Amino acid sequence: MATIKIIDPITRIEGHMKVEVEIENGTVMDAKVSGTLFRGFENLLKGRVPEDAPLITQRICGVCPISHGQASVMALENVTDWVPTSNGRLLRNLVLGANFIQSHILHFYVLSVVDFVAGPATSPWKISWNADMRPGLTSVMNHFTEALTARRRAHEMAAIFGAKLPHAATYAPGGLTAGITPQKIADFKAHLLYMRDFIENMYISDVYQIDRVYSDYRHIGAGPENLLAYGVFQEEDGGVLFDGGMLNKGDSRVSDAFSSADIAEGVAHSWYADASEPAGLSPAQGVTEPEYPKQDAYTWLKAPRLFDKPYEVGPLARMIINGAYNGGVSVMDRHLARANEALIVCNAMRRWLDAIDDSPAYSEAYNQGVGSGEGLTEAPRGALGHWADIGEDGKISNYQIITPTCWNASPMDHNGVKGPLEQALIGTTVTDENQPVEVLRIVHSFDPCLACAVHVMHTDGDEVAVIHTGAV
Ligand code: NFE
């Protein structure tokens, strides 16, 4: 007999999310991922002056605020094809890089390690599940406090040019409004040297240790295996450190033959008023009009699709698309790619730091134009886009955002095709239905920015148990 399990809450993620899986004979037959909170930041921005957008959109999240600041200034500057000054570009890369590193360290040590290694029998590691906890990994857990130090130092590093973290105060169209001093550069360098050592000698080797003990997780949680990145970290030559591209399942070549006009955000199963097109609207024309309740809807996330297909985004997509990781698509590959990416970013940061000169990072010549702009970049969790319309009155007339988790945790679309995380869960073997740790490990590998819930119910909808996972 099939049972429906809902983990409530799936802790150790950011935000509000519920995952419901239907398990029959030990296999996940169906999965539904729901974002359970309406945010509506797009609507908050209407009628405001453009410079408010980088500051307000950073409040979407305390983990990835810099990516929102970056996407927002890019969208505003794109209205007039403005190119930031060299120091503006470099400082933005440095603050964003520090934010990537803190997010990756947080995700592994604080949010994920306890899925694989039993913590001490005390709060905050208890209550937790004890299913399939394999021995030999105590040393990884012993690095927990050092990881907290590393994460704090990454925040301190970002605050040198961000003025504060989370939610940097220096993001403005036209550059970065931070002063540059030799002391700031020296302080940044000291953090960076520490960080390189931590990532290389502790973080990466800890992930590989878990990979050795849980190597079966290289074959669990694949999903659609369509990968997408927009590209991030602007370089001097107009290129980027990580290129954008899409790689469809089974293809051997990455393609960059797409634009945001090829993206449509469907709302067939989302609590939003139906769009005029069943496939949804492209983000530049996007509308955020809540409709709750709504027949057949189960989430506040829309369903972004590129050429009508779901795509996984995130460090694994970035690294495979850039030829920097040659594994497959699975739970463990997501962790390994994330750790390896942290080192690449750290090394590039050293180069960007050394390239800073004594010119200003903010240009007083910046003049906000009127019209439409898009900012396509990457957040730690994957492809992030902001789309802005500035009206003749100089105010924001429309604003749309598609976050990485919106791609990964998107619901079923108008074709009946499930989102990447839902597809990754379907087909998974669950050994202990009362502790569906496989489900939790798959969810966490995507590093979703939501807070989740999974309860245990019969298919007739009766809840038979509520499973609390260890909260950190
Ligand atoms: Ni809240 Fe974020 C990242 C963005 S989530 S953490 O990374 O954008 O989708």
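Treat the numbers as computed from the prediction; the structure is a model and nothing was measured. When a ligand or atom number is given, it counts from 1 through the structure's own listing order.
Rounded to 10°, the angle that SG of C449 and SG of C61 form at atom 1 (Ni) of ligand 1 is 120°.
In this structure, R153 is positioned above the aromatic face of Y194, its NZ or CZ under 6.0 Å from the six-membered ring centre and within 45° of the axis.
Near A379, with a cut-off below 4.0 Å to any heavy atom, the atoms of ligand 1 are 3 (C), 4 (C), 7 (O), 8 (O). Counting the atoms of ligand 1 from 1 in the order shown, those under 4.0 Å from a heavy atom of H68 are 4 (C), 8 (O). Per-residue contacts place R381 under 4.0 angstrom from the following atoms of ligand 1 (heavy atoms of the residue considered): 3 (C), 5 (S), 6 (S), 7 (O). Close approach of ligand 1 to T405 (heavy-atom distance below 4.0 Å) involves ligand atoms 5 (S), 9 (O). Heavy-atom contacts of P404 reach the following atoms of ligand 1: 4 (C), 8 (O), 9 (O) (cutoff under 4.0 Å).
Listed by chain and number, the residues in a side-chain contact (heavy atoms from CB on, under 4.5 Å) with D243 are V240, N322 (sequence neighbours excluded). Residues meeting the side-chain contact (heavy atoms from CB on, under 4.5 Å) test with P166, sequence neighbours left out: P65.
Formation of a donor-acceptor pair under 3.5 Å by the E42 side chain with backbone atoms of N398 is not found in this model.
Between E235 and R351 a salt bridge is recorded (basic side-chain N to carboxylate O distance below 4.0 Å). The pair R334-D447 fails the salt-bridge criterion, with no side-chain N (NZ, NE, NH1 or NH2) lying under 4.0 Å from an Asp/Glu carboxylate O.
In L384, the part holding a heavy atom less than 4.0 Å from any atom of ligand 1 is the side chain.
Atom 2 (Fe) of ligand 1 has an N, O or S atom of C64 under 2.8 Å away, backbone or side chain.
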